[in-house]
Amino acid sequence: MKKELARTYDPKGIEDRLYQKWLDGGYFHAEVNKDKKPFTIVMPPPNITGQLHMGHALDNTMQDILIRWKRMQGYEALWQPGTDHAAIATEVKVTDHLRQQGIDKNEIGREKFLEYCWEWRKDYGSRIIKQLQKLGSSADWDRERFTMDEGCSDAVLEVFQRLYEKGYIYKGSKIINWCPVCQTTISDAEVEHQDQNGFFWHINYPVIGEEGRFVEIATTRPETMLGDTAVAVNPNDERYTDIVGKMLLLPLTGRQIPVIADEYVDMEFGTGCVKITPAHDPNDFEVGKRHDLPEINILNDDGTMNGLCGKYTGMDRYDARRQIVADLEELGLLVKVVPHTHAVGTHDRCHTTVEPMIKQQWFVAMEEMAKPAIEAIKNGDLTFVPERFDKIYLHWLTNIRDWCISRQLWWGHRIPAYYCGDCKRTIVSKKAPEKCPDCGQTHLVQDPDTLDTWFSSALWPFSTLGWPEKTPEMEYFYPTDVLVTGYDIIFFWVIRMVFSGYEQTGKSPFHHVLIHGLIRDELGRKMSKSLGNGIDPLEIINEYGADALRLTLMTGNAPGNDMRFTRSQVEASRNFANKIWNASRFIMMNLPDGEIRQPAPDELLVADRWILSRINTVTKEVTENLERYELGIAVSKIHDFLWDEFCDWYIEIAKMRFNKENADEASANAALWTLRTVLTQGLKLLHPYMPFVTEEIYCTLLPDEETIMTSPWPEYREELDFPKEAAMIESFKELVRGIRNLRMSMNVPAGTKTELFIVGKDAQSAAEFSAVLDSMKGIGRMLFAKKIEVRADAEGIDADAATVVTGRVTAYIPLNELVDKEKEIQRLSAESAKMDREIARAEGMLSNPNFVNKAPAAKVEAERGKLEKYRSIKNQVEEQLKRYR
RNA sequence: GGAAGGUUAGCUCAGCUGGGAGAGCAUUCGCUUGACGUGUGAAAGGUCGCAGGUUCGAGCCCUGUACCUUCCACCA
């Protein structure tokens with residue numbers, strides 16, 4: 001019983017049904033299989049707090065395309081999925097959530113809070129996964145992991161201990177970035193520099209012992225003067241040589257601070273005098289170390305002034321700034337206020353201005369670990385697509401500073417460091433020690449801090465495969481093949497995975513990094529929550545289908561480039577799905593109830609060979625494009641082939657062969673066989689991009705097949721290359737277009753059918769064309785002809801007939817009274833003149849010895865071919881003009 | 001202050017190793033052709049930012065330049 005398809009493709013219902021079928025079939029699951037080659041992608045784990053956005057949709061579509069393609073190619077294709085605990089993002093969300101219920105995080109305490117977090121993860125952790133599934137993602141959900149599950153946590157502790165023992169993890173008192181709102185440290189990568197309009201406040205510091213003499217400093221953060229412990233000048237600055245070593249009276253505090261000389265000071269900038277606040281500025285910190293200056297922390301963790309700030313104690317940092325400026329003005333020490341734009345460090349998550357502070361924190365020493373990661377690019381173990389991201393990667397790695405990994409958060413991996421309450425010793429151990437190995441006491445307290453969320457995601461490519469255990473999965477699937485991600489997280493994630501991979505496994509965790517850009521809105525703006533301009537992928541899927549969304553995201557998208565998302569593109573994608581659907585529907589409507597025979601080679605007609613040859617070529621090119629990660633180019637080739645060549649030409653040419661009037665069984669069978677073969681192959685090529693519609697058609701078309709998902713990827717076959725037939729069909733298309741244009745220009749009604757005489761430019765062309773036409777039953781309809789006749793010459797054809805000239809043949813169309821001879825002469829003269837120009841151009845090139853000698857032979861040959869064709873057309877046009885005159 | 005990317009049709013963008021400028025959308029003019037109007041046939045529309053250079057030949061390579069975007073950056 002033949003199955004039938006609906007009149008238009010409606011993805012609703014079909015998608016969910018097929019996805020469930022795939023899940024039930026276990027097609028997404030990968031196993032260690034020594035008989036197959038592995039292909040592995042680890043999915044960038046979405047946050048458990050996350051909602052699917054266009055970035056996810058793009059990222060996962062690309063991965064799904066690669067995985068589906070490789071799976072069809074016969075690889076054991078593992079797409080390893082999972083979610084990220086997203087330490088700070090989740091903690092903030094849960095805290096807010098609790099606050100709304102009147103629950104204070106600090107009152108309920110750590111344990112209780114973590115319970116709420118786990119509950120949150122239970123409620124929302126699978127939401128994003130379900131959304132990824134709506135997209136059609138064929139990840140191996142049986143292997144879904146979570147950065148805080150048992151295995152991943154074990155990997156984290158293992159790495160911490162190893163790096164600590166190696167001396168690469170250390171605890172130290174350094175300047176860190178502090179977010180007063182989130183009340184935690186953040187890494188350098190999390191600091192966003194924003195240009196802000198501020199001021200330069202010029203302040204006089206009185207020189208002690210020299211009445212009326214001042215040192216004028218300029219600052220953008222006047223409140224930090226409370227923590228000043230020196231003023232620095234350049235040692236070569238003659239203006240200040242005499243006061244170096246003298247003491248200044250720090251206004252508002254009564255403290256005395258020295259004038260020191262340090263190369264760090266730029267003589268040209270500002271007044272040449274710099275206040276030094278070692279506890280609240282990274283540069284000043286370094287200066288302070290060199291000069292052994294005291295470090296005075298003046299801030300509380302919430303950004304208010306601390307107990308060392310006298311009357312300012314307890315004030316918010318900005319209130320204190322205003323008050324201090326006012327007080328200085330009153331004292332007559334404020335020289336001037338100059339507007340000044342400068343880059344301010346802000347927390348990328350909450351956009352609060354970050355305060356540099358000295359704190360005791362845990363760090364990862366980066367210098368040694370960065371080396372193999374740098375080397376990886378240079379020796380080709382790791383490549384970026386596109387390559388230009390090499391530079392960004394290398395620049396960051398070569399300027400890397402130690403990574404501050406401790407966070408004052410509760411949700412995350414707790415640092416496995418324990419402090420002996422008695423002898424103060426620090427013990428780092430995966431397992432909590434029972435007693436202090438030094439003094440034997442049991443008063444051990446674990447460090448309260450947790451690790452930067454990226455510390456665990458840095459291990460993701462191998463922690464998910466069972467590392468540090470020597471699992472078969474590690475052995476087989478690792479290193480992974482390609483990582484797909486956006487350029488915005490190269491620093492956060494890609495780099496940290498690479499150096500962690502080398503350090504822990506001795507290998508780069510992946511060979512290629514395929515970088516994509518951002519999806520922007522129709523106006524080119526970033527999609528963001530605050531702008532409210534985000535387009536919800538789920539809404540698009542609901543309205544147009546997942547296939548349409550996927551195709552839209554891939555069309556015209558070049559690696560690393562941003563793209564705009566427009567509804568008109570989605571509509572075009574949906575239309576394509578419908579086009580394929582209808583072509584398939586048409587083919588299926590015409591399939592016989594019984595079997596289609598595989599035609600004998602000589603039963604395949606010219607057009608059949610042409611389209612088989614074309615899809616053979618397209619298969620080759622598409623595969624090559626995919627190998628180079630040119631996903632956008634590949635899909636446009638599939639799209640153009642299926643729509644323009646297969647639907648608009650081959651189906652039109654072939655359809656007459658199997659209508660009811662055609663009694664030629666062999667011809668009908670060959671046409672149907674070719675249609676089904678080419679469609680099947682086209683569906684396969686398209687499947688990675690548009691999995692749902694292709695699966696639905698494939699399984700209806702071939703009822704014995706279980707799924708297209710695991711069907712073999714088509715391969716190029718040399719014996720299906722038919723260049724001669726391809727050229728013949730191109731010539732036929734040229735004629736059809738010519739006739740259409742002619743009729744259009746003469747306003748011939750579509751219903752008017754004519755006689756059509758075709759004369760070859762030589763005997764061979766005539767014979768070939770004759771063969772082409774013989775192979776096209778009923779093709780007269782396409783040519784608007786009631787009778788077609790191929791002749792040796794134009795003898796006896798009505799001299800008034802209109803003509804269409806192509807490279808190989810001239811068609812004569814007796815249109816009688818419809819022909820305006822003068823207009824025809826005009827038209828043909830114009831054509832003749834055009835050919836003259838083309839001939840001149842080609843002759844010019846070919847008479848240039850430099851071109852003939854230096855250009856590749858194929859190019860020269862092609863040019864000769866063109867010249868010949870133009871000459872032939874020119875001759876035929878001239879012949880025709882003679883007839884008219 | 002450094003770096004990367006962009007500048008191609010009205011709009012959004014492709015253009016792979018240099019060899020006669022492409023797509024989608026929009027516009028204009030046709031088509032009840034027995035799969036599809038979510039269709040179909042055509043037309044119009046570009047000095048490929050500007051100036052040099054290399055080359056037989058440049059949208060593509062080199063140099064400079066203008067504008068836009070983004071990233072990095074401890075001049076207080």
Side-chain angles (χ1 to χ4, degrees), chain A residues 5 7-9 175 193 200 217-221 224 232 264-266 268-277 281-286 340 342-343 345 356 386 388-389 391-392 395-396 399 487-488 490-491 517-518 522 524 526 544 548 555-558 560-569 571-590 621 624-625 628 630 632-633 636 639-640 647-648 651-652 655 659-660 737 740-741 743-745 747 749-751 781-782 784 838 841-842 845 848-856 858-860 862-863 866:
Chain A
L5 298 176
R7 189 177 169 84
T8 51
Y9 175 59
I175 284 266
H193 290 91
F200 250 145
I217 59 94
T219 179
T220 55
R221 297 186 296 158
T224 62
Y264 154 69
V265 180
D266 180 353
E268 311 297 320
F269 190 82
T271 60
C273 303
V274 186
K275 63 191 271 307
I276 301 295
T277 323
D281 183 281
N283 295 311
D284 295 5
F285 179 77
E286 298 299 326
H340 177 67
H342 61 134
R388 63 173 185 270
F389 289 98
K391 292 194 190 96
I392 295 174
H395 180 259
W396 173 271
N399 294 292
Y487 57 69
D488 48 334
I490 292 176
F491 305 135
L518 268 37
E522 311 215 0
K526 258 187 204 176
Y544 300 96
T555 302
N557 191 347
N561 287 3
D562 291 355
M563 72 177 295
R564 297 191 193 193
F565 190 92
T566 62
R567 280 189 185 256
S568 69
Q569 277 179 324
E571 282 173 21
S573 302
R574 176 206 54 190
N575 295 353
F576 179 61
N578 189 56
K579 182 74 185 175
I580 299 307
W581 180 261
N582 268 290
S584 308
R585 187 164 77 98
F586 177 62
I587 292 167
M588 282 185 241
M589 275 166 38
N590 287 289
E621 291 181 0
E624 284 167 0
N625 287 133
R628 291 197 290 265
E630 293 163 350
I633 295 174
S636 74
H639 173 279
D640 293 353
C647 291
D648 289 349
I651 293 182
E652 291 306 318
K655 62 169 44 160
N659 72 5
K660 294 177 183 68
R737 288 197 189 104
R740 281 173 184 160
N741 285 341
R743 294 173 62 101
M744 178 84 84
S745 75
N747 294 316
R781 201 168 59 95
M782 214 166 172
F784 303 94
E838 295 293 354
R841 191 191 60 81
M845 277 178 88
N848 179 346
N850 285 319
F851 174 70
V852 180
N853 296 331
K854 293 185 186 175
K859 298 287 176 198
V860 177
E863 209 52 46
K866 284 183 208 165

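Because the structure is a prediction, the values reported are computed rather than measured.
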[atom1] atom, [N] versus [M]: distance in rounded Å?
| N | M | atom1 | result |
| --- | --- | --- | --- |
| B:U28 | B:C67 | P | 38 Å |
| B:G15 | B:C60 | C1' | 9 Å |
| B:G46 | B:A23 | C1' | 14 Å |
| B:G22 | B:C16 | P | 14 Å |
| B:C48 | B:C13 | C1' | 13 Å |

Rounded distance (Å) that lies between atom [atom2] of [N] and atom [atom1] of [X]:
| X | N | atom1 | atom2 | answer |
| --- | --- | --- | --- | --- |
| A:N848 | B:U55 | CG | C1' | 12 Å |
| A:M744 | B:U28 | CE | P | 16 Å |
| A:D488 | B:C72 | CG | C1' | 15 Å |
| A:M845 | B:G57 | CE | C1' | 7 Å |
| A:H395 | B:G1 | NE2 | C1' | 11 Å |
| A:R743 | B:G41 | CZ | C1' | 12 Å |
| A:N741 | B:G30 | CG | P | 16 Å |
| A:I490 | B:C71 | CD1 | P | 12 Å |

Query raised in the report: Mind checking whether A:K579 and A:D648 have side chains closer than 4.5 Å, heavy atoms only?
Result: yes
Contact class for [X] vs. all strands (heavy atom < 4.0 Å): base, sugar-phosphate, or nothing?
| X | result |
| --- | --- |
| A:P856 | base |
| A:F285 | nothing |
| A:W396 | sugar-phosphate |

Dot-bracket assigned to RNA chain B with the 3.5 Å Watson-Crick/G-U criterion, [ ] for crossing and | for other-strand pairs, is (((((((..((((.....[..)))).(((((.......))))).....(((((..]....))))))))))))....
| message | Looking at A:N590 and A:F586, would you say the former's side chain and the latter's main chain have a donor-acceptor pair under 3.5 Å? | response | yes
Testing B:A42, B:G24, B:C71 for proximity to the side chain of A:K526, the answer is B:C71
Ranking B:C75, B:A42, B:C71 by distance to the side chain of A:F269, first place goes to B:C75
Whichever of A:F200 and A:K866 has the more 5' nearest nucleotide on RNA chain B, that residue is A:K866
Pairwise N/O distances under 3.5 Å, protein to nucleotides 4-15 of chain B:
residue: B:U12; atom: O3'; partner: A:R564; partner atom: NE; Å: 3.1
residue: B:C13; atom: OP1; partner: A:R564; partner atom: NE; Å: 2.7
residue: B:C13; atom: O2'; partner: A:G556; partner atom: O; Å: 3.4
residue: B:A14; atom: OP1; partner: A:N561; partner atom: ND2; Å: 3.0

dist A:H342:NE2 -> A:F200:CZ (nearest 0.5 Å) comes out at 8.0 Å
Taken to the nearest 0.5 Å, the spacing of A:N848 CG from A:N853 CG works out to 8.5 Å
Counting primed atoms, P, OP1 and OP2 as sugar-phosphate and everything else as base, the B/S/- map of nucleotides 31-40 of chain B against protein heavy atoms under 4.0 Å is --SBBBSBSS
Smallest heavy-atom separation, A:T224 atom then A:T277 atom, equals O-CG2, 3.3 Å
Of all heavy-atom pairs linking A:A583 and A:I651, the shortest is CB-CD1, 3.9 Å
Exercise for review: Considering just the side-chain nitrogens and oxygens of A:H193, establish if one lies under 4.0 Å of OP1 or OP2 belonging to B:A73.
Suggested key: yes
Practice item. Classify the ring geometry between A:F576 and A:H639 as parallel (under 30°), tilted (30 to 60°) or perpendicular (over 60°). Key: tilted
